Every structure is written in C-alpha cells, then in structure tokens.
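Here is the structure we will look at.
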2 protein chains.
Amino acid sequence: MQGHDHDHDEIKDKDEVLARYMAQHGLKSTRQRSLIIDTFFAVGGHLSVEELWNKVRAQDAKVSVATVYRTMKLLNECGLAHARNFGDGQTRYEAAAGRDHHDHLICTRCGTIVEFENDRIETLQDAVARKHGFTVTSHKMELYGLCRDCQRGLPVASEA
Amino acid sequence: MQGHDHDHDEIKDKDEVLARYMAQHGLKSTRQRSLIIDTFFAVGGHLSVEELWNKVRAQDAKVSVATVYRTMKLLNECGLAHARNFGDGQTRYEAAAGRDHHDHLICTRCGTIVEFENDRIETLQDAVARKHGFTVTSHKMELYGLCRDCQRGLPVASEA
DNA sequence: TTGACTGCAAATGTTTTGCATGCCG
DNA sequence: CGGCATGCAAAACATTTGCAGTCAA
C-alpha cells in the first residue's frame, strides 16, 4: 500500500548487519530463518509472533512457533528489530534496520498505529533526563487515543 | 526527594472516587478489598501483583492472589491505579488518584524509577497527535538509561 | 562430520476463571 | 435472604526450553 520501493539500501544494510552478526556469533543461515526474516521485513508494521507465524506458515506449514520466537529474539538482539509492548498481552516486533528512532500513536478503537518522530520532544527528553542525572540510552513513547476515522464513528475495518 | 506530605486531600478524593464507583457498579466493600487497597496506597511506588500480594499476606495470610488480581483490575478500571509495563514480564500498578500525569525515567542497571512531568513535552505531544488527526486520551513515555549512581558504577542496592 | 537449528511437546510464569462456599448489604 | 466476593485449583495464554533428529558449513 505504501510506496517503499526505495528501501533497497536499507535492505542491503539489514542483510549486512545480519550477515556480520551471524558470522560473529557462529549462527547459521537456515531455510526457516530466511523465510521468517524475509517475511518479517516484507510485511512490515508491528507484528506479534503469532501473526508472523501465520504468514510464515502460509509458505511453509511446518515451521514451528518456537523457531519464530527464537528468530525474532535474535533479530532483536542484533538490533534489526525492536520489541514493543502495546498493552494487549503480546510482544510486537517492528523492523529497525536503517530507520530513525520514532514513536507511536495508537488508536484504541481500531488499533491503527501511526509512527512519528519529533526532534523537539527528543531534545526535551534529554534535558529532563539530564536534570535527574540520568544518561538515557533508549526511550519509548506511546500516545493512545482515537484516530481521525474512529472519531467520526466509521466502521472498524478489522485487521488484515 | 519529592515533598508529597500533603496528600490527605488526595486520599480523601480517592476514597470518594472508590465509594462512588463501587456504588454505581454494585460492588461490595470487603475485608480483603480494603486490605489490598489500603496496602497498595500505603506502600506506593510501582508494585507488581506479586509484590503487593506479599505485603498483603503479611497481614492476612489467607488472601489469595486471584483476589489481588481482581482488585487491582478494579482499581485500574475506576481510574485509581494505572497499569504499567516496564519490560520485565509483570504488570505493575501505580496509584493514580488525584495525581497529575507523569512519565518515567528507568535505570536499566539498578531498576530505580524516577517520575517526572514536563508540560512542554505534553504540549508537543498534543501537537503531534493533532497533526495526525488523533485525539489523545492518554499516553506513556519511558526513558531508559543509567541513573547517576549507576553511571559511577556504585554497587546496586537491590530492591526493598 | 559437527555443532547449531528445528520441531515437538512439556515446562514456565503470569493472569484468568469455574465453582462451591462465604459474607456484605 | 440473595448475590457479589473469595479461595482454590484448573485453565488459559504467551513464551521458553529439553531433547532427539536434521541440516548447514
């Protein structure tokens, strides 16, 4: 739906990071891992492990959830995916390769997630942290509310 | 650190909110609920259900975890407690009655949690939301990093 | 060949729930 | 009394892990 036809650099970058990480850690590139990782980056968005598993199983019915969990944990460790936690009980992952930091607007009615970034907020965050003697290494910020459509009571389109 | 010795108004406010909510929902005031709620507000901080359960059991050994879960869910629903999720697998609750909104600085080494509020950040958040057509009803922001002591490598004092 | 990877199922840890009993109102 | 609340244990989830077989390097 969105025009992301120019992420070849990022994909290359991602592959490099991944290859380097796997080499350094003695990890192997397997059919399942490739499938999971490719699917994850191809789908985009904020996937729960189960959602990702479903996409993956559509292509290879024998991949187990455990492998998806293990693979996403790896991606997270090597910095290519970030684990997020938006209130429903599940951990969601989002692609991180070559992307700037960003935060989220979450519609509490239809579940839409919009990403944004705002340098002025980041600057203020740093200032606050400094005032309290903290050195900040990461942060997360989530704004919950109603998106434009839900404010007007439009029917919820459910998820894909 | 913080001078919050004047929360008597807030406590009264809390009881009112609670009483009204319980009346409206046909809820009963029981020994267990009172004990759990009083303990929760007395201890303060960001308690996991298990931590709270331990405090409660010290006073009445027969209270079950289930009741603590049920009670905290109630407090959360009536707005007197907020559920938070700081990365470890557990949901933590913090008192919300009569308190201004605030965010958190979390030390990733010793676990210290510092609360802060910053109106300019809130203002910017609203602006961002508006730009994306959202009406924000709540938000959370967490800054992760090292607190002053941990930056200097001081020994971790563990939790209480 | 070898050791990492996988699938499966069992194990974990957290939170929820069904049910019979208990207690507030 | 009647119905919500409680305790207990089982159930429900999300996630992890032990193990034996499989596969990449």
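Below, read A as the first sequence line, B as the second, and so on, with proteins coming before strands; counting in each chain starts at 1. This is a predicted model, so every value here is computed, not measured. Every heavy atom of this structure was used, including side-chain atoms; hydrogens, water molecules and symmetry mates were not.
Other residues sharing a hydrophobic cluster with B:L146 under the 4.5 Å side-chain heavy-atom criterion for ILVMFWY residues do not exist; the residue is a singleton.
Annotation for A:S34 and A:S29: closest pair OG-OG, 3.7 Å, computed over non-hydrogen atoms.
Under the 3.5 Å distance criterion, the side-chain polar atoms of B:W53 are left unmatched by any main-chain donor or acceptor of B:T67. Put simply, the side chain of B:T108 gets close to the backbone of B:G145: a donor and an acceptor are under 3.5 Å apart. A donor-acceptor contact shorter than 3.5 Å links the side chain of B:Q151 to the backbone of A:G133.
The distance between atom CG of B:N85 and atom C1' of D:dT15, rounded to the nearest whole Å, is 14 Å. A:N76 places its CG atom 11 Å from the P atom of D:dT16, with the value rounded to the nearest Å.
Of the listed residues (B:E94, B:R92, B:E51), just one forms a side chain to side chain donor-acceptor pair (under 3.5 Å) with B:H46, and that residue is B:E94.
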(message) Base contacts versus sugar-phosphate-only contacts with protein, heavy atoms under 4.0 Å: please encode nucleotides 2-12 of chain D as B, S and - from 5' to 3'.
(response) BBBSBBB----

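Here chain A contacts DNA chain C (any atom closer than 4.0 Å to a heavy atom, that is under 4.0 Å), and the contacts span C:dG3 to C:dC8 from 5' to 3'.
The closest side-chain heavy-atom distance from B:Y93 to B:L47 is not below 4.5 Å. Using a 4.5 Å cut-off on side-chain heavy atoms (C-beta onward), A:F40 and A:V56 make no contact.
If you check every strand for non-hydrogen atoms under 4.0 Å, B:T91 touches sugar and phosphate atoms only.
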